[in-house]
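As structure tokens, the structure follows; a few thoughts come after it.
Below, chains carry the letters A, B, ... as their sequence lines are ordered, and counting in each starts from 1. All values reported here derive from a predicted model rather than from experimental measurement.
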Number of protein chains: 2
Amino acid sequence: MPTKAAPTAPSAARVVKKRRPEQRQLILDEAARLFKERGFGSSSMRDLGARVGLDAASMYNHIRSKDELLEIICFRVSDAYLAQLAEVEQLPASPLAQITELLRHHVRLMTQDGPAVSVANNEWKALTEPRLTEFKAARKRYEKGFAALIEQGIAAGELQPVNVSVALFTLLSAVRWVELWYRPGRDISAAELENDLLLMLLDGLKKPTA
Amino acid sequence: MPTKAAPTAPSAARVVKKRRPEQRQLILDEAARLFKERGFGSSSMRDLGARVGLDAASMYNHIRSKDELLEIICFRVSDAYLAQLAEVEQLPASPLAQITELLRHHVRLMTQDGPAVSVANNEWKALTEPRLTEFKAARKRYEKGFAALIEQGIAAGELQPVNVSVALFTLLSAVRWVELWYRPGRDISAAELENDLLLMLLDGLKKPTA
DNA sequence: GTCTATAGGCGGATAGAC
DNA sequence: GTCTATCCGCCTATAGAC
């Protein structure tokens with residue numbers, strides 16, 4: 001209910017075009033939400049079109065194929081993860097501090113781009129072949145980098161000497177519920193969630209000083 | 001529990017038929033693996049038939065529909081989880097001990113029935129409507145029961161006073177990678193995995209005695 | 001209980017008018 | 001750049017021969 005109604009009076013020659021180059025982005029965002037909700041294989045382009053407000057056929061003026069949508073979403077996420085890893089690796093900090101920072105980035109990506117992260121995590125199997133292998137390789141690189149940090153932390157005596165694979169996957173898995181659960185309107189803020197989660201996880205991984 | 005249960009000797013006509021009532025079970029097992037690998041929506045009955053060694057049409061002599069396969073898999077898993085919860089709730093033990101035991105059952109179900117657990121966790125969204133609501137309710141019951149144990153643990157001073165939802169979902173999520181990662185031929189046994197995982201998680205949740 | 005054949009529908013994607 | 005119309009393939013499921 002606009003108390004001071006639309007100031008957007010079309011003042012003649014002002015910018016009214018609203019060229020919406022963001023149509024493509026709208027399609028991608030809606031695709032991520034749809035694929036998350038229904039799964040890639042159970043989502044149809046007709047469904048997607050209905051959400052975007054476009055006929056299915058019309059979307060092909062903005063995108064090449066349904067597969068392309070999945071590719072873009074998955075690689076946008078994997079690129080973001082790898083960028084975060086590279087950033088953290090260059091911090092002049094202890095392994096534990098680096099892991100902490102990486103997990104914070106990790107959680108933050110989920111709260112900020114939840115649907116895309118969810119699709120990248122759960123629907124990547126539907127990628128077609130040249131891209132499927134690429135995606136698996138990217139994920140492997142991230143896992144290797146993360147595992148290296150854990151190994152360094154153990155070597156430095158900051159972390160408990162647990163099995164590195166167990167620690168790695170437990171950490172990565174433990175934060176994944178955020179992507180499914182978090183919504184801006186929750187009774188807990190994104191920052192609080194991040195802190196509580198890290199506290200719980202790292203107090204388990206930290207070696208007791210006793 | 002009957003200590004002298006019925007021996008159930010087939011006294012009458014000596015059951016020899018061996019009509020392979022296990023054909024149906026074979027289909028269900030293979031369906032779980034297929035749905036896990038490709039997702040429900042991306043799996044076809046033709047694919048499944050090829051794996052089972054039957055024509056797609058022939059399977060309809062053993063099952064009613066593709067949807068039915070998903071239903072059976074999902075509810076077999078949710079029933080198992082709820083049974084484990086009920087069992088643990090009746091143990092004369094502390095909340096922490098109950099949680100530990102429940103998590104052990106949880107992990108064990110994954111290592112023993114991995115594909116079905118994976119499908120129940122990831123593909124349940126494809127259930128059709130009367131069953132979809134039922135499944136969500138079952139999951140909610142499990143979560144409530146689990147959360148109650150955590151609350152009791154906090155109240156008893158056994159657990160750190162973390163946000164209960166965060167603790168609940170972190171625990172449930174943290175063990176989920178097992179269903180995706182574990183294979184009988186790994187370099188770590190199921191028992192070792194279980195122990196390492198619980199050690200890491202519970203040392204994080206346990207209140208330091210300091 | 002297995003097959004072949006096929007119904008009937010929905011899928012992704014394209015052609016062409018406007 | 002959006003629509004309508006449509007191609008054609010694959011989908012689930014059924015019918016009916018054997």
- [ ] Measure the acute angle between the ring planes of Phe135(B) and Phe75(B), then classify it against the limits of 30° and 60° as parallel, tilted or perpendicular.
- [x] perpendicular
Task: For atom CZ of Arg38(B) and atom P of dC10(D), their distance in whole Å - done: 14 Å
Task: Whole-Å distance separating the CE atom of Met59(A) from the P atom of dT14(C) - done: 13 Å
Task: Gap between atom CZ of Arg33(B) and atom CD1 of Ile73(B) - 0.5 Å precision - done: 12.0 Å
- [ ] Please report, rounded to the nearest Å, how far the P atom of dC10(C) is from the CG atom of Leu48(A).
- [x] 18 Å
Open item on the list: Less than 4.5 Å apart, side chain to side chain, heavy atoms only: is that true for Asp196(A) and Thr170(B)?
Closed with: no
Open item on the list: Treating Arg24(A) as the side-chain partner and Met59(A) as the backbone partner, does any N or O pair qualify as donor plus acceptor under 3.5 Å?
Closed with: no
Task: Any side-chain donor near an acceptor of the partner, Ser118(A) and Asn121(A), under 3.5 Å - done: no
Open item on the list: Can you list everything that forms a ring-ring contact (aromatic ring centres under 6.0 Å, His included) with Phe40(B)? Sequence neighbours excluded, please.
Closed with: Phe35(B)
Anything under 3.5 Å between a protein N or O and an N or O of nucleotides 11-14 of chain D, put it in a table, one pair a line.
unit_1: dT12(D); atom_1: OP1; unit_2: Ser43(B); atom_2: O; d: 3.3
unit_1: dT12(D); atom_1: OP1; unit_2: Met45(B); atom_2: N; d: 3.3
unit_1: dT12(D); atom_1: OP1; unit_2: Lys66(B); atom_2: NZ; d: 3.2
unit_1: dT12(D); atom_1: OP2; unit_2: Met45(B); atom_2: N; d: 2.8
unit_1: dA13(D); atom_1: OP2; unit_2: Tyr60(B); atom_2: OH; d: 2.6
unit_1: dA13(D); atom_1: OP2; unit_2: Lys66(B); atom_2: N; d: 2.8

- [ ] State, with a plain yes or no, whether a side-chain heavy atom of Leu109(A) is found less than 4.5 Å away from one of Val117(A).
- [x] yes
- [ ] Test ring-ring contact (aromatic ring centres under 6.0 Å, His included) on His105(A) and Tyr81(A) and set out the steps.
- [x] CA-CA 8 Å; His105(A) 282 307; Tyr81(A) 275 129; over 10 Å; no
Under 3.5 Å, N/O pairs linking protein and nucleotides 16-18 of chain D:
none

Open item on the list: Can you measure Asp55(A) atom CG to dT4(D) atom C1' for me and round it to whole angstrom units?
Closed with: 8 Å
